[in-house]
Amino acid sequence: MLTLICLMWSMLYSKPIRTVHRCLRVVNFHFSFAGLPCRVISGVVKGANYNIGMPLPPQEYQHWWNAVFIYGKWCLVDSYLATIPLVNKTSKGDMKFSYNAFENYFLVDPPKLLLTHFPDESCWQLVSDVVTLDEFILQPKITPHFLHFALQTLSHKVGRIYSGDETEIQLGFPSQRSGLKFVFSLIYDYEKGVDEYNGVKLTQYGLVEILSNAVVIRLSLPKKGKYTLHVFGKEDTSTGKDISFSQVCEYELIREKDPHKVVCPYPPCSSLMWGPGPGFYQLGLTPGNTRAIIQSKGGKAEVRIKMVKAIQLRSQVKLSPVLAVEDVPLVVYKIVDNMACFTVVATEKGRYGLEIYARDPDTVDSDDMRFRQVAQYLIECNDATPNIILPKLPPGYLGPQPKFTEFGLRTLNEHDPLIELKDGNHLEIQLGTTRGMKFNAGLIQADTSQDVSDFIFIQTQPSMVTFLVNIPSTGFYKLQIHGNVSEDQSHTSLGLFNYLIHCKAATDTVYPYPRQLGHWKEGCYMLEPLILHADMKQPEVKFRTHVPKAKQVVLFVEHNVHPLESLGPVQWEGTINLSKYYGTDTKLILAANYGGDEERFATLLEYKL
């Protein structure tokens with residue numbers, strides 16, 4: 001039976017049949033030949049020039065279509081609208097006409113055909129809730145592409161919408177059609193074609209969010225009046241991509257009163273579509289947020305992204321063009337296990353756009369090594385972070401940098417790059433390593449840019465590096481961790497991770513750590529003493545340290561040499577009396593000999609007494 005119907009359909013379009021009655025006669029003949037009951041349905045149909053609410057006099061909009069009984073039920077066919085005229089030029093320059101089938105008018109779902117076709121007899125609507133003619137003319141205006149994409153109206157069955165401060169229109173589609181994309185145009189006073197308000201495009205007063213089985217169009221109309229909304233769609237599939245968007249439907253929006261306050265346009269992000277884009281899923285990423293619009297709590301909003309492999313991510317904040325904001329929100333980026341988190345910290349209320357960029361460090365294609373935008377989220381901050389003035393930082397500064405994941409690093413304890421010290425001014429940060437690394441670190445006072453890096457001490461162990469940090473006074477500090485793989489001989493130190501530390505109470509007096517030189521950062525570890533200073537007054541000081549590959553480890557103080565005793569492959573110990581050196585500004589040097597010239601020692605640490 002299906003083969004016969006398909007044969008009939010192909011015969012129908014083998015010749016240029018372009019009158020309604022001829023189409024109906026051919027359809028009736030073939031359906032009857034197939035032994036299928038068939039009826040001719042008369043009524044009115046909305047044409048391309050139809051506008052929402054327009055009367056439909058039969059003399060202008062009269063139309064006929066077919067009903068066929070198949071699969072145990074009546075189905076609808078419009079063979080006339082299903083023929084698509086194609087015009088081609090011949091080699092002689094003559095015009096050649098041909099016709100293709102638009103299959104979405106073949107056995108179309110009755111509720112969807114009822115958006116454009118209104119039968120004279122209500123029984124041929126084939127729906128349980130019969131629609132009146134007044135209801136029919138007020139429905140949204142749809143195009144054949146609405147049927148092609150299998151769309152349906154979810155939120156607004158009426159095409160004329162009376163809008164308040166905000167309107168959200170939802171269109172449904174089958175979940176398996178994941179390649180659908182949508183954009184829109186918004187026109188004020190359609191006859192004049194006004195598409196701006198105070199120099200801002202009206203499209204910036206709306207956004208498109210694509211969910212798993214629906215598209216959401218959210219609009220905030222800036223002033224009273226009548227607006228025309230056109231929705232466009234296209235579909236990317238595994239076999240190819242649509243070249244351009246095609247209109248799928250039209251709504252009329254009316255705002256009867258001016259808003260009580262200025263309507264803020266949405267941030268000017270790169271796309272009208274918000275949420276994860278196609279490139280997001282191509283990298284194996286999974287959104288941790290159910291919606292692209294995120295409300296802040298306590299001035300903070302979090303975007304979560306699940307990764308199946310290490311993907312390098314970056315972010316950028318976009319502000320609304322009319323938002324009077326002095327401070328750009330701070331974005332805190334962290335990775336915990338396989339979950340990447342971007343926390344937006346705002347000190348002022350408003351709408352902020354967060355663009356997410358990504359790249360795969362394992363790619364071999366140089367073009368794919370660039371960061372590409374894969375998602376964008378709207379942060380609606382209705383409650384700013386109280387009583388805090390954050391320092392200005394460059395976009396993407398906080399958190400792991402691109403080389404962090406590429407070098408196989410991970411945070412072991414302080415995952416959040418925004419650290420708040422409430423009760424003390426000491427901090428220990430641990431990173432996990434999977435290969436030999438050399439690390440450096442810098443500590444900068446955020447307000448004054450004073451370098452206080454001598455308050456950092458780096459301890460290296462197998463598969464882990466520890467950064468001991470003493471904060472000298474209250475305020476914000478930038479902790480910048482740099483490094484490179486051990487086999488790299490270029491002496492280049494690359495940015496790996498940046499923290500912002502807020503010390504609220506400097507409860508303890510702190511002292512600088514010893515100066516650490518190159519060889520110290522290649523696997524060395526100090527058990528004691530971590531710090532020596534003039535206030536200690538401790539005469540006998542015991543040294544216990546791990547120095548891999550060393551043949552000798554000694555202490556130099558003035559012209560005296562104090563060898564340490566080897567207690568194993570890497571451990572060295574010894575005791576020295578320092579009572580006469582405290583307060584003299586004398587330097588004490590820990591050094592190691594790595595073989596070869598027995599008189600040659602590499603400085604590891606330099607204490608100042």
Side-chain angles (χ1 to χ4, degrees), residues 310 312 314 359 361-362 366 369 371 394 396-412 417 429-445 449-469 477-499 512-526 530 545-554 556 570 572 587-608:
Q312 296 174 355
R314 284 182 177 175
R359 72 177 181 185
D362 296 334
S366 58
M369 284 302 293
F371 278 91
Y397 174 84
L398 283 182
Q401 304 302 296
K403 290 294 182 180
F404 187 83
T405 51
E406 184 176 331
F407 289 162
L409 302 173
R410 66 189 189 282
T411 54
L412 297 181
I429 294 174
Q430 296 178 337
L431 301 181
T433 60
T434 57
R435 58 199 296 188
M437 295 287 301
K438 295 180 289 186
F439 291 96
N440 293 305
L443 187 65
I444 309 295
Q445 213 286 334
S449 298
Q450 180 185 359
D451 190 331
V452 287
S453 300
D454 49 352
F455 287 89
I456 304 173
F457 192 72
I458 302 175
Q459 300 266 56
T460 309
Q461 295 171 276
S463 303
M464 184 175 72
V465 60
T466 302
F467 299 87
L468 303 177
V469 184
Y477 291 81
K478 296 183 289 186
L479 175 61
Q480 303 168 154
I481 298 175
H482 299 78
N484 207 336
V485 293
S486 299
E487 59 266 24
D488 190 302
Q489 301 300 316
S490 65
H491 302 291
T492 302
S493 194
L494 305 171
L496 299 176
F497 202 107
N498 294 325
Y499 286 92
Y513 286 105
R515 182 186 172 203
Q516 303 133 68
L517 287 88
H519 281 281
W520 177 258
K521 299 166 186 177
E522 298 180 3
C524 297
Y525 191 91
M526 177 59 72
L530 292 175
T545 185
H546 292 173
V547 185
K549 302 179 182 179
K551 304 299 181 182
Q552 277 186 286
V553 177
V554 300
F556 291 105
V570 298
W572 300 81
K587 292 182 179 179
L588 183 147
I589 294 173
L590 177 71
N593 175 270
Y594 291 93
D597 187 350
E598 295 183 356
E599 301 297 322
R600 185 174 181 179
F601 286 83
T603 299
L604 303 177
L605 298 177
E606 185 179 282
Y607 293 86
K608 197 171 185 180

Set of residues satisfying salt bridge (Lys or Arg N to Asp or Glu O under 4.0 Å) with respect to K478, sequence neighbours excluded: none
Donor-acceptor contact below 3.5 Å, side chain Q312 vs main chain P402: yes
Applying salt bridge (Lys or Arg N to Asp or Glu O under 4.0 Å), can you list everything that pairs with K587, at least two apart in sequence or on another chain? E606
Heavy-atom pair with the smallest gap, counting every atom of Y607 and L530: CE2-O, 4.0 Å
Just verifying a value: how many Å separate Y477 OH and Q450 CD, rounded to the nearest 0.5 Å? 7.5 Å
Does anything in residues 590-601 pair up under side-chain hydrogen bond (donor to acceptor under 3.5 Å, both in side chains), and if so which pairs, sequence neighbours excluded? none
Please report the closest heavy-atom contact between A310 and T405, naming both atoms and the distance. CB-CB, 4.0 Å
If the condition is ring pair (Phe, Tyr, Trp, His ring centres under 6.0 Å), which residues does F457 pass it with, not counting sequence neighbours? Y513, W520
Do the non-hydrogen side-chain atoms of L604 and V547 ever get within less than 4.5 Å of each other? yes
Taking side-chain contact (heavy atoms from CB on, under 4.5 Å) as the definition, give me every residue that meets it alongside T466, ordered by chain and number, with sequence neighbours left out. E428, Q430, Q459, Q461, M464, L468
Please round to the nearest 0.5 Å and tell me the distance separating atom OG1 of T433 and atom CG of L431. 8.5 Å
Check: Q401 and L496 side chains under 4.5 Å, non-hydrogen atoms: no
Does a side-chain heavy-atom distance below 4.5 Å link L479 with V469? yes
Is there a side-chain contact between V553 and L590, using heavy atoms and a 4.5 Å cut-off? yes
Sequence neighbours excluded, which residues qualify as side chain to side chain donor-acceptor pair (under 3.5 Å) partners of T411? H415
Listed partners of A591 passing side-chain contact (heavy atoms from CB on, under 4.5 Å), at least two apart: V554, F556, I589, F601
Donor-acceptor check, side chain of Q516 to backbone of P514, threshold 3.5 angstrom: yes or no? yes
Any side-chain heavy atom of I481 within less than 4.5 Å of one from N498? no
Only distances under 3.5 Å count here; give the side-chain donor-acceptor pairs of residues 435-442 to other protein atoms, sequence neighbours excluded, each with its distance to 0.1 Å.
| unit_1 | atom_1 | unit_2 | atom_2 | d |
| --- | --- | --- | --- | --- |
| R435 | NH2 | E487 | OE2 | 2.9 |
| K438 | NZ | D488 | O | 3.4 |
| N440 | OD1 | K521 | NZ | 2.5 |
| N440 | ND2 | S493 | OG | 3.3 |

Any residue meeting side chain to side chain donor-acceptor pair (under 3.5 Å) with Y525, in chain and number order, not counting sequence neighbours: none
Taking only residues two or more places apart in sequence, or in another chain, which ones meet K549 in a salt bridge (Lys or Arg N to Asp or Glu O under 4.0 Å)? none
State, with a plain yes or no, whether a side-chain heavy atom of T460 is found less than 4.5 Å away from one of E522. no
Run the side-chain contact (heavy atoms from CB on, under 4.5 Å) test against P417 and tell me which residues pass, sequence neighbours left out. V332, K334, L398, F497, Y499
Checking the side chain of T545 only, and the main-chain atoms of W572 only, is there a donor and an acceptor separated by less than 3.5 Å? no
With sequence neighbours left out, the residues meeting side-chain contact (heavy atoms from CB on, under 4.5 Å) with T492 are N484, S490, L494
